[in-house]
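Scroll down for the structure; my scribbles are underneath it.
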Amino acid sequence: MYARVIVDVPVVDTDRPFDYAVPAALLPFVRVGSRVSVPFGPRKLQGFVIELAEQTDVDRVKAVLDVMDIEPPLTEEMVELARKMSARYMCTQYAALQSMIPAVLRSSYEKQVSLTSAGMAFESGLMDEQAFYQHIKNRQPIAWDALIKQFPMAASWLTDGMKAGRIIVEQIVGDRVTKKTVTVIEPAVSLEQLEMAKVELPKSAARQKEVLSHFVHHYAAIDQPQLLALLRVSNQTVKALIDKGFLRREEVENYRDPFAGRTFAPVEKHPFTTQQQTVINGISEGMNPPQYYPCLIHGVTGSGKTEVYLEIMERTIEQGREAILLVPEISLTPQMVNRFKGRFGDQVAVMHSRLSQGERYDEWRKIRRGQVKVAIGARSAIFAPFRNLGLIILDEEHEGSYKQEETPRYHARTIAQYRGLYHQAVVLFGSATPSMESYHEAQRGRIHLFTMDERVNNRPMPVVNIVDMREELREGNRTMFSKSLVEAIEDRLAKQEQMVMFLNRRGFSTFVMCRSCGYVAGCPHCDISLTYHRSNRTLRCHYCGYTESEPTLCPECGSEHIRFFGTGTQKVEEELSRHFPGIRVIRMDVDTTGRKGAHEKLLQDFREGKGDVLLGTQMIAKGLDFPNVTLVGVLAADSTLNLPDFRAAERTFQLITQVGGRAGRHEKQGEVILQTYNTEHYSIQLASRHDYSTFFVEEIKQRYEKNYPPYCRLILFTFTHENVPLIVKKAEQFAGKLRQIIPSGAFLLGPVASPIARIKDRYRFQCMVKYKNDPRVLPDIYRLVRAFDDERKKTGIMLTVDVDPQMMM
DNA sequence: AGCACGCCGACT
DNA sequence: GTCGGCGTGCTC
């Protein structure tokens, strides 16, 4: 038997299977989807088995060294999916495969050093070297890297030692798995034998008899500490029984349960509204018989989409199939998880970034072993290794975070379609503001469209008032709060109602500028201004992490009039306190939510009424549901509008709608105040009227006229290098070749400097292909990209390819 | 990507 | 005469 293996070499020309013989001893374990370690040239690497074969064309095959898991971590479906991802996103198959497994299973390589007998006997004339050998002797095998760190001369001593046969170095292929085990005690003999033993034990062994009688009554394994506590016996007593052969001690693998000790209130089933029932019936049509059934629910905020998800999920489980629910990382709140845990209990695995790597691994294994029926998580949960998937839900389908911004640059929406087709499953997208792509597909009849335009309990949509900030300025109001916002805040403070203040920080962060000469503090390594962080009085680059302390004098002209500008949440907080003395502000941003659990804590505080205002950025825009909030202020509604991105209007509309949805979800009527310099813009006007349909019509017209998605597809190529003339030359060469192979009707734009022209001292140039939705162009382009790898090796120019980019930076 | 092999300059 | 620079090419 031969295994075709994709090895862990992250370049394109080795991204093909290599054949290895499977030794008889490993035969039962090597399957498609197995992780193996294999010899590769002089090295030892991890790889994935993608195929098993009876024959090979290779003359001198080597053998698989080891299988790393008893159960293969990947299914055949995943292996096939990786092949598709590789072709679609122009990434290596290895990168695709690796993205499907939890981080702890990603390979780690370590060189281990140990001594031969000659090394043990070796005595060096040098004291330091002698100590070095002693060090290894005491700890062997010891990590190569650790030695290099500790002994400055280690590198040369190691080479000497290897040559002289005193030292052996072994390459270890491993992972980061730490299996947590618990010790359990269990009966080692039959129940009858236990009863006999209990009688036969001498009277003096009263404690031992107690233990035995426990096992007679509960003939099962029990956690050791629990047993000792329960019967108040000592370890000695138990040990005596083990020595006599009646009991047995066993190490059992234990799952870390991140929700241990928490109970979940069962979720009451409310009767469905007519709309909910209609949608449920419609989607159910796609479940019987099982078929690929793509659906889009366009449901206004508060229309009760979640109840629909729960019901469809329940029906899927009743069919004996499994379900995945994807939510944006940011709305993966305990509140939300509780609703699903409350309904489906321990049939749910939850994967989110707040879990430790080990916890994530445990949740993943529950899925892999079929111990749960539902997986909930952010983007990467789309790879939940279910075998009989019946339903995939993408909540907030339009969210940008479903696109991975590193290789492999996949979109969870696309992967959901692939998996839905494979499993003949229902794929359900839900949003109050569907992406142009999805709604367009729905209009063309490719996706079943369901509309929910009524809020549960018929709550009215909040009243939205647009405030023209230019007007305010003309009237001499230079603050960041308009007159009507100030009045509204005062009103809510008097009524003791709560408020949410939203500041969209993208492209609007605090920067430091000199008022005398106009100098703006920028990053010396990136073409971007530094962001001021008040908490530690530093300037930081958001791209490379470069940090410097706050300047007191302008480095250009020496003036003292250098200070921070712009509107960060910190500044808004200060201004709020200044305008409204005594106001209690709970601020949520990267600075205040860094610690684990801080995020939840702040929201809990707000819910308990410990704050009047919840102030924050994107992270407060979604899913939060506070009964006492009656005012939402959007301080700069148009700050997303002027970004160099064809999705700017769409994003603005989505954001305003999301934020507005935070107000008046319960008994009290909600109000939204939108401050903007762009009152006329259709995205702002239509968002204020909750009019998605008209927005769609207007925006799709723009996309059509300017030929942007969904009327075409995009591929973004970004070149980076320290040397501008070189990069320009190579980018133009590449563009020339591209132009030759793209079909008529496709366009090539650029190359031009990227919007952020330099990051970490590397200059960035980009070009973009716009093509009709014809996937046949991809293989040709991928060939060109592969060929560019030669160029990268020679010149060091890096090329990244982003298929269906979400960000144009 | 590594790592070895291989063919030309500055040292013992 | 050897150590070592990094160009080239291969890895089942």
Side-chain angles (χ1 to χ4, degrees), chain A residues 1-24 26-27 29-68 79 82-83 86 90-99 106-113 143-145 148 153 155-164 167-175 406-408 720-723 726 730 762 782 785-801:
Chain A
M1 182 74 80
Y2 299 96
R4 305 233 146 93
V5 177
I6 299 285
V7 292
D8 180 13
V9 181
V11 287
V12 285
D13 61 305
T14 46
D15 189 43
R16 57 193 168 85
F18 288 83
D19 291 2
Y20 290 89
V22 181
L26 299 181
L27 217 45
F29 305 109
V30 176
R31 281 183 273 158
V32 171
S34 290
R35 269 191 318 153
V36 289
S37 76
V38 291
F40 196 70
R43 295 183 290 160
K44 196 168 150 185
L45 296 176
Q46 184 179 99
F48 289 97
V49 177
I50 62 156
E51 204 183 328
L52 289 171
E54 294 297 335
Q55 308 227 326
T56 178
D57 300 334
V58 177
D59 302 333
R60 286 157 59 190
V61 281
K62 293 183 182 173
V64 171
L65 297 171
D66 209 355
V67 186
M68 314 190 56
V79 171
R83 231 189 311 260
S86 161
M90 306 192 197
C91 65
T92 63
Q93 283 188 67
Y94 194 85
L97 288 162
Q98 179 124 299
S99 68
R106 292 180 194 169
S107 46
S108 73
Y109 300 101
E110 197 179 66
K111 276 196 276 185
Q112 281 190 349
V113 178
W144 174 286
D145 292 351
I148 298 284
M153 289 292 290
S156 73
W157 291 338
L158 283 165
T159 17
D160 292 352
M162 281 157 69
K163 269 188 205 154
I167 286 174
I168 355 175
V169 175
E170 206 196 348
Q171 177 80 250
I172 301 293
V173 179
D175 50 40
E406 302 112 51
T407 315
T720 72
H721 197 267
E722 292 94 337
N723 181 336
L726 180 72
K730 292 299 172 189
R762 294 178 72 94
Y782 196 17
V785 171
R786 282 169 181 260
F788 192 84
D789 210 51
D790 247 21
E791 214 71 68
R792 180 188 53 81
K793 273 187 128 172
K794 282 194 204 119
T795 61
I797 295 180
M798 303 276 274
L799 169 61
T800 54
V801 184

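Here is the naming used below: chain letters follow the sequence lines, and residue numbers restart at 1 for every chain. Fair warning: this is a prediction, and the values are worked out from it, not measured in the lab.
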To the nearest angstrom, how far is A/Asp789 atom CG from C/dT8 atom C1'? 15 Å

For A/Asp13, report the nucleic acid contact type (base, sugar-phosphate, nothing); a contact means any heavy atom under 4.0 Å. base

From CG of A/Asp19 across to C1' of C/dT11 the rounded distance in Å is 13 Å

Between A/Asp15 (CG) and B/dA1 (C1'), how many Å, whole number? 13 Å

Under 4.0 Å: is that the gap between some side-chain N or O of A/Arg43 and OP1 or OP2 of B/dC3? no

Let me know the distance between CG of A/Asp790 and C1' of C/dG9, rounded to the nearest Å. 11 Å

Which class fits the ring pair A/Phe48 and A/Tyr94: parallel under 30°, tilted 30 to 60°, perpendicular over 60°? tilted

Send over the distance from A/Lys62 NZ to C/dT11 P, rounded to a whole Å. 9 Å

Straight-line distance of A/Asp8 CG to A/Tyr109 OH, nearest 0.5 Å: 3.5 Å

Nearest whole angstrom, please: distance from the C1' of C/dG9 to the NZ of A/Lys793. 8 Å

Could you tell me whether A/Arg4 contacts a base, only the sugar-phosphate backbone, or nothing, with contacts defined as non-hydrogen atoms closer than 4.0 Å? nothing

How long is the gap from CG on A/Leu65 to OH on A/Tyr20, to the nearest 0.5 Å? 8.5 Å

Just the rounded figure in Å: distance from P of B/dC3 to OH of A/Tyr109. 12 Å

Choose from B/dA1, B/dA4, C/dT11 the nucleotide whose nearest atom is closest to any side-chain atom of A/Phe40. C/dT11

Looking at A/Phe788, does the NZ or CZ of A/Arg792 lie under 6.0 angstrom from its six-membered ring centre and within 45 degrees of the ring axis? no

Quick check for you: among C/dC12, B/dA4, C/dT11, whose closest atom lies nearest to any side-chain atom of A/Tyr20? C/dC12

Sugar-phosphate, base or nothing in reach of A/Pro39, heavy atoms under 4.0 Å: sugar-phosphate

Length of the line joining A/Tyr94:OH and B/dG2:P, which is rounded to integer Å: 12 Å

Closest non-hydrogen atoms of A/Leu97 and A/Ile50, given as atom of the first, atom of the second and distance, are CD1-CG2, 4.3 Å

Report which part of the nucleic acid A/Lys794 touches: base, sugar-phosphate, or nothing (heavy-atom distance under 4.0 Å, all strands). nothing

Look at all strands and tell whether A/Val61 reaches a base, only sugar-phosphate, or nothing, counting heavy atoms closer than 4.0 Å. sugar-phosphate

